[in-house]
Every structure is written in C-alpha cells, then in structure tokens.
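Below you'll find the structure, written out as structure tokens, and then a few comments.
Every chain is numbered from 1, with letters handed out A, B, ... down the list of sequences. Worth saying up front: this structure is predicted, and the values here are computed from it rather than measured.
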Amino acid sequence: MSVRTRVAPSPTGDPHVGTAYVALFNRVFARSQGGQFILRVEDTDRQRSSSASEAAIMDALRWVGLDWDEGPDIGGTFGPYRQSERLGIYRDHADELVASGGAFYCFCSKERLDELRRRQQANRETPRYDGHCRNLDPGESRDRVLAGETHVVRLDVPASGTCGFSDGIRGAIEIPWQQVDMQILVKSDGFPTYHLAAVVDDHLMAITHILRGEEWLSSMPKHRLIYDRFGWSVPAHYHLPLLRNADGSKVSKRRNPTGLNYYRRIGYLPEALRNYLALMGWSMPDEREIFDTEEMTAAFDIDRLTTGGPVFDLAKLDWLNGQCIRSLSPDEFMDRVADWAINRENLAAVAPLVQQRTERLVDLLPQVDYLLGDRPVLDASDFTALRLDADDCVRVLDHVGRRLDEQDEWDRDALQGAIRSLADAVGLPMRDFLAPLFVAVTGRKVALPLFDSMAYLGRDMVRARLHSALSALGGVSKKAAKHLERAYADLEVDQA
RNA sequence: GUCCCCUUCGUCUAGUGGCCUAGGACUCCGGGUUUUCAUCCCGGCAACAGGGGUUCGAGUCCCCUAGGGGACGCCA
C-alpha cells in the first residue's frame, strides 16, 4: 500500500509557519516513501473560515515550495478535499455511529453545559459532559431529532479503563477514559467537528501516516474510539513537537512573527525556510545542517524525529538564509531580487501614491524604502514630540494591535474605518491618535499615507512593527498587558 | 486543578550502556584575511535539571522530585 500523508489547515487566518512545518515533514516523508502528499482544507468552522484565507494559505504553501499531489484546487481521486463539500459523508457516518450505539443525540442547552462546567471546575474536576442525554431512550431521541429539535451528536466514551495507543515518536501512551470527554461530533448547525471529520477523511482518503502537532496527542483516545467503532485500521500517528516562543510557550503571533507572509516579505528564501524548519526536531544522519529538501527526502528517516519542543529562534534562520543567498549564481540572485519586491505587481500597489510625489525618479527610493525594509529602528525619543505622552502611545499601539487582530478585511478603507472607530471609542481625535501609529508603522514623521502603507505592508508586518514600537517605548509588562486588555475589552468600539 | 507529553551548552541539535575528560551548528567574545563593511578562516566561552536505583560501567535503562509544555470549546 502506498504511503499517503496530508496537511489539513483550517482556513481561519493567515498562513502560519506551523502549517508549513507540519506540511514539510508530511511531504518529505511521503516523498521519501514514494507516496503522495495531500492538502485537505478543514473549513468546518462556519464562522471563522473564509475562502480568502484558504487562498492565502495555498498561495503561501506553494511559495514555500510545499505543493501537493491532491487538493481542493487540483482535485484527485479521493475528493472533494474541502470538508464543507463533504457534509453528507459526515452526516452518514454520524448516523451510522448513532445507530450502532457508538454515539448519541444530545439536546442539552448551552446554559446547562456552562453550568455543568462551572460546577466541575469549582470541584476541581476535569470538565466533562455528564452523560445526561446518553441515558435517553434511543427511540425517543430519534423522534425528537425527527421533530426538528436542536441537537448535537456526541461520542459515547467508556466510563472506566484506559485507552492505550502508540505514537511513532514517543512510543506507548495510556490515557484514562475518565479524562476523555464525550466529544461533540456533529454541531447543531449540522457541521462536523474536527474529530469526526478528520478521522472519517483520513480513512476515506486512505491516509496511512498522520504527522501532526503535539497538541493533538490528548485527543488521540477520541480518534482511536472512532476508528474502532467503524472497524477501521488506525493510521500510524506521529505527533510532532510544537514550535515554541523564546519563553517556551507554543509559538504565537503575539510574541513572534508567525505568518509565512512576513518571511516572504522580508526576503527569506523558501529553501532557507524549509532548511530551517527541517532542523526543528530533526537532523540529518550525517549531521549536515545545510541541505536542500531533495537531500532531506533522500536521507529522511522518520525515527530521527525528536521529542522536545524547539524554540523558533530567528538567528539561525538568518544565517541559513545568508548561506542560501550567497550560494546563488549572480543570475539567480538577480531573479530573486526581482521576484522579491521590485517587481511590477508590487510596484503597482505603491506607484500611484509615489508618482504624485516624484519629480525625479531618484526621489522614489527614499519614499518607498520603509515599505520594503524590515521593522524601523525606533527608540522612545521618536515618540516624545507627539501630542500624546508615552503611556498614551502605548495604549494606542496596544489597542490598534488588538483591533487589527479582529480585522478581517485588509485594505485601505477597511483599515481606516477600523481605526477611526477605535479612535472614537477611545475618545481621541484621529490626528492625535494616528501620530504614534504613524511613527510605529513608517518609522518616520513624513511618509506615504498611513492606511495605504499598512495595506501594503500586510498584517504580519504591521503587527511586527507595532510590537517593536511597543518595545521601543519600554515594552509592556505582564501586568500592564492585563490592564490594557481589560481597558480594550471595556471599550465600545463601533464594529461598522 | 486533572490527565498526557517533554527535559544535553543562551538557541538548534549529535548521542540508542563502554568510542563522552559529551561532538557539531547558530549566537556571543577574541584573532587573522580584506584600503571600509560583509563574506571567509582560526580560536575561545558554554550543557547531560536534581536525587535515588539497575549495572563491572549511565547522558544513554528504571523510579521519584522539580521545572517546562500541551489538552481539558457546538475552534481546529
């Protein structure tokens, strides 16, 4: 049987380095075995999924050089590859599970569930569904569902004993069933949750090896149960260590640039990024550290995966990237530079702004350098001439960051609207409110229009610049951050 | 809080009982090449979390402790 692996991102945000990391190992492993690597889009969260995000993720993955053999855009024999197009499949499987007693209908209200959770937490128990609807008469439950009553489908979980399973990296693991919740498999909107959809799809798509993040380790018992209930064989599982921030926590956008587009914009080469990611939890048998993905594939040994969570630290990536750039031929180097930013497509975004401000073509460069460069180097004095004091600058930058994280659309007008409503809520005139933001984003007192600049720079870069401006202002302590978070939550921002 | 996972230089790692007075890489520091800078070269600092076992012998196996992380959502 041919080895088949997959990466299954959820299109709910910007392309993430973690996705590229997992995709790399899945792809390399599949290729090393002569198998296939599949892209599956897990868009079962109706509220948060967007086709824009899906497109951005596919684009970014292709940029890193991690393309797929089957996927929503190119099809394949196991399609469709977008979970929202497979709803009937999940429904049928859920029905089968209910019919065989492996799952049950649940009619509990959100209120009851909240209350239950509160009580369990107060008693220092692991929050877990209490089985209320599990004891309902199956016939009666079916009638209620048929009558159109709102319901979910829950997985029936053994009351005692332990679930044993094996992880390819860590070996045998046992988790008591008591710790496992009666997971919702089908939500009240009829969409499946990850647990049902992933297992069903992995089986139907003939996935043989699942390499995924360690965060899934504790839901393994649920997945095991579903495989067993269907009588399916369980694919080999390898839980990859989680990429970490410098403080050891799971890598997050607040502390690190986690967006692939940041790396793309800054001028990291895809091959350098792949090389770096390959070093996170894996090593070449001969300990070589500079290698391309073909060499990695040729030498790949899945048993060389390690267990500790590697810190995603950019110093080594920078060095690796330098090595890659210097090893390019002069022609290749020129091509890369042209592809990077000084190309027609990028120029198209700024040219209209710049043209009006240009008398001689040389004037162009100083006008756009801050758009092309990394974060501007700032210190506290850059903010002193403003009408707001340092504390207010911090407040503005912090709140803008939070507001922007909630912002889906990323064009000039949308950004302007979002920030105007924020300024109104804070009660500051736009003029004053914008000043620190202008400095943070552009690094200057004079630059191209702010919202155009932000639109061009993109979410990841703007976030990075806000973050570094905050550091320049002395940083935000944990306590201050909490305070700011509360202050922000208390604001009544007009969401229009 | 409960459960699970993890723990070698600051960071990424090698190490699968003797080849380890623990090796490599990045960072940092020092020196050299370069009329500058960068590259490049040479050198240096720096770790087996702690405690018990098992063994002739433990970074490597077992146990305990500590620390870190993850999960505990009608998110994935």
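One side chain, Y81(A) or E70(A), offers a donor N or O that lies under 3.5 Å from an acceptor on the other. Side-chain contact, S249(A) with D247(A): a donor N or O sits under 3.5 Å from an acceptor N or O.
In this structure, the CZ atom of R170(A) is 14 Å from the P atom of rC4(B), given to the nearest Å. When rounded to the nearest whole Å, the span between NZ of K110(A) and C1' of rC75(B) equals 12 Å. Atom-to-atom, CD of E111(A) to C1' of rC74(B) comes out at 13 Å; the value is rounded to the nearest Å. Rounding to whole angstrom units, CD1 of residue I184(A) and P of rA76(B) are separated by 11 Å. rA76(B) atom C1' lies 11 Å from atom CZ of R6(A), rounded to whole Å. One can place CE of M182(A) at 13 Å from P of rG73(B), the figure rounded to the nearest angstrom. Taking atom CG on L317(A) and atom P on rU27(B), their separation rounds to 12 Å, with Å as the unit.
With a 3.5 Å ceiling on both atom-pair distances, rC74(B) lacks any Watson-Crick or G-U wobble partner. Nucleotide rU34(B) has no partner under the Watson-Crick or G-U criteria, as no pair reaches both atom distances under 3.5 Å. When both pairing distances are held under 3.5 Å, rA66(B) makes a Watson-Crick or G-U pair with rU7(B). With a 3.5 Å ceiling on both atom-pair distances, the Watson-Crick or G-U wobble partner of rC28(B) is rG44(B). Pairing partner, rG59(B): none, since no Watson-Crick or wobble contact has both distances short of 3.5 Å.
Comparing K187(A) and I169(A) against RNA chain B, the residue whose closest nucleotide sits nearer the 5' end is I169(A). For I175(A) and S109(A), each mapped to the nucleotide of RNA chain B holding its nearest heavy atom, the one lying further toward the 5' end belongs to I175(A).
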Q.
Treating primed atoms plus P, OP1 and OP2 as sugar-phosphate and everything else as base, which nucleotides of nucleotides 36-51 of chain B get B, S or - for protein heavy atoms under 4.0 Å?
A. ---SS-----------
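Relative orientation of the F312(A) and Y263(A) rings is perpendicular, given thresholds of 30° and 60° on the angle between their planes. Aromatic ring orientation, W282(A) versus F300(A): parallel (interplanar angle below 30°, classes split at 30° and 60°). Ring geometry for Y227(A) against H237(A) counts as perpendicular: the plane angle is over 60°, on a 0 to 90° scale with 30° as the lower cut.
Cation-pi geometry between R212(A) and Y238(A) is not met: the NZ or CZ atom fails to fall both under 6.0 Å from the ring centre and inside 45° of the normal.
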Scan nucleotides 28-32 of chain B against the protein and return all N/O pairs shorter than 3.5 Å with their distances rounded to 0.1 Å.
none

Taking N or O atoms only and anything under 3.5 Å, show me the protein contacts with nucleotides 18-20 of chain B, one pair per line.
none

Detail all sub-3.5 Å separations between protein N/O atoms and N/O atoms belonging to nucleotides 68-71 of chain B.
{"unit_1": "rG69(B)", "atom_1": "O2'", "unit_2": "R244(A)", "atom_2": "NH2", "d": "3.4"}
{"unit_1": "rG70(B)", "atom_1": "OP1", "unit_2": "K250(A)", "atom_2": "N", "d": "3.1"}
{"unit_1": "rA71(B)", "atom_1": "OP1", "unit_2": "K250(A)", "atom_2": "NZ", "d": "3.2"}
{"unit_1": "rA71(B)", "atom_1": "O4'", "unit_2": "S218(A)", "atom_2": "OG", "d": "3.1"}
{"unit_1": "rA71(B)", "atom_1": "O2'", "unit_2": "S218(A)", "atom_2": "OG", "d": "3.1"}

Is there any protein nitrogen or oxygen under 3.5 Å from a nitrogen or oxygen in nucleotides 64-66 of chain B, and what are the pairs?
none

Hey, what are the protein-to-nucleotides 9-13 of chain B N/O distances that come in under 3.5 Å?
{"unit_1": "rC12(B)", "atom_1": "OP1", "unit_2": "V311(A)", "atom_2": "N", "d": "2.7"}
{"unit_1": "rC12(B)", "atom_1": "O2'", "unit_2": "L279(A)", "atom_2": "O", "d": "2.9"}
{"unit_1": "rC12(B)", "atom_1": "O2", "unit_2": "K316(A)", "atom_2": "NZ", "d": "3.2"}
{"unit_1": "rU13(B)", "atom_1": "OP1", "unit_2": "G281(A)", "atom_2": "N", "d": "2.4"}

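Within 6.0 Å of CZ on R142(A) lie no more than 12 heavy atoms contributed by other residues, nucleotides or ligands. Within 6.0 Å of atom CD in E409(A), 12 or fewer heavy atoms from other residues, nucleotides or ligands are found, so the atom counts as exposed in its surroundings. Around atom CD of Q120(A), more than 12 heavy atoms belonging to other residues, nucleotides or ligands sit under 6.0 Å away.
For I74(A) against W68(A), the heavy-atom pair with the smallest separation is CD1-O, 3.3 Å.
Every pair passing salt bridge (charged side-chain N to carboxylate O under 4.0 Å, His left out) that includes a residue from residues 290-311 of chain A is listed here, sequence neighbours excluded: R288(A)-E295(A). The salt bridge (charged side-chain N to carboxylate O under 4.0 Å, His left out) contacts involving residues 174-189 of chain A comprise R46(A)-D189(A), where partners must be two or more places apart or lie in separate chains.
Atom CZ of R134(A) sits about 5.0 Å away from atom CE of M182(A), to the nearest 0.5 Å.
The pair K316(A)-E289(A) meets the salt-bridge criterion, with a side-chain N (NZ, NE, NH1 or NH2) lying under 4.0 Å from an Asp/Glu carboxylate O.
Rounded to whole Å, the C1' atom of rA49(B) lies 7 Å from the corresponding atom of rU7(B). Between the C1' atoms of rC19(B) and rA25(B), the separation comes to 22 Å (whole Å). Here, rC56(B) and rC48(B) have their C1' atoms 22 Å apart, quoted to the whole Å. Of the P atoms belonging to rC40(B) and rG23(B), the separation is 24 Å, rounded to the nearest Å.
For W177(A), there are no ring pair (Phe, Tyr, Trp, His ring centres under 6.0 Å) partners, not counting sequence neighbours. With sequence neighbours excluded, the residues forming a side chain to side chain contact (heavy atoms under 4.5 Å, CB included) with Q179(A) are T126(A), I175(A), P176(A), listed by chain and number.
In this structure, of rA76(B), rC5(B), rC75(B), it is rC75(B) that holds the atom nearest to the side chain of R48(A).
Taking 4.5 Å as the limit, some side-chain heavy atom of W410(A) sits within range of a side-chain heavy atom of V462(A).
As judged by a 4.0 angstrom heavy-atom cut-off over every strand, Q178(A) is placed among residues making no nucleic acid contact. Counting non-hydrogen atoms under 4.0 angstrom, T44(A) reaches the backbone sugars and phosphates but no base. If you check every strand for non-hydrogen atoms under 4.0 Å, C108(A) touches a base. Counting non-hydrogen atoms under 4.0 angstrom, T307(A) reaches the backbone sugars and phosphates but no base.
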Sequence neighbours excluded and cut-off under 3.5 Å, please list the side-chain donor-acceptor pairs for residues 11-19 of chain A, or say none.
{"unit_1": "D14(A)", "atom_1": "OD2", "unit_2": "R459(A)", "atom_2": "NE", "d": "2.8"}
{"unit_1": "H16(A)", "atom_1": "ND1", "unit_2": "G18(A)", "atom_2": "N", "d": "2.8"}

Using a 3.5 Å cut-off and no angle test, enumerate the donor-acceptor pairs between side-chain atoms of residues 94-102 of chain A and protein atoms at least two apart in sequence or in another chain.
{"unit_1": "S100(A)", "atom_1": "OG", "unit_2": "E96(A)", "atom_2": "O", "d": "3.2"}
{"unit_1": "S100(A)", "atom_1": "OG", "unit_2": "L97(A)", "atom_2": "O", "d": "3.1"}

Q: Walk me through it: do R31(A) and T297(A) pass the test side chain to side chain donor-acceptor pair (under 3.5 Å)?
A: CA-CA 7 Å; R31(A) 286 276 199 278; T297(A) 304; over 6 Å; no
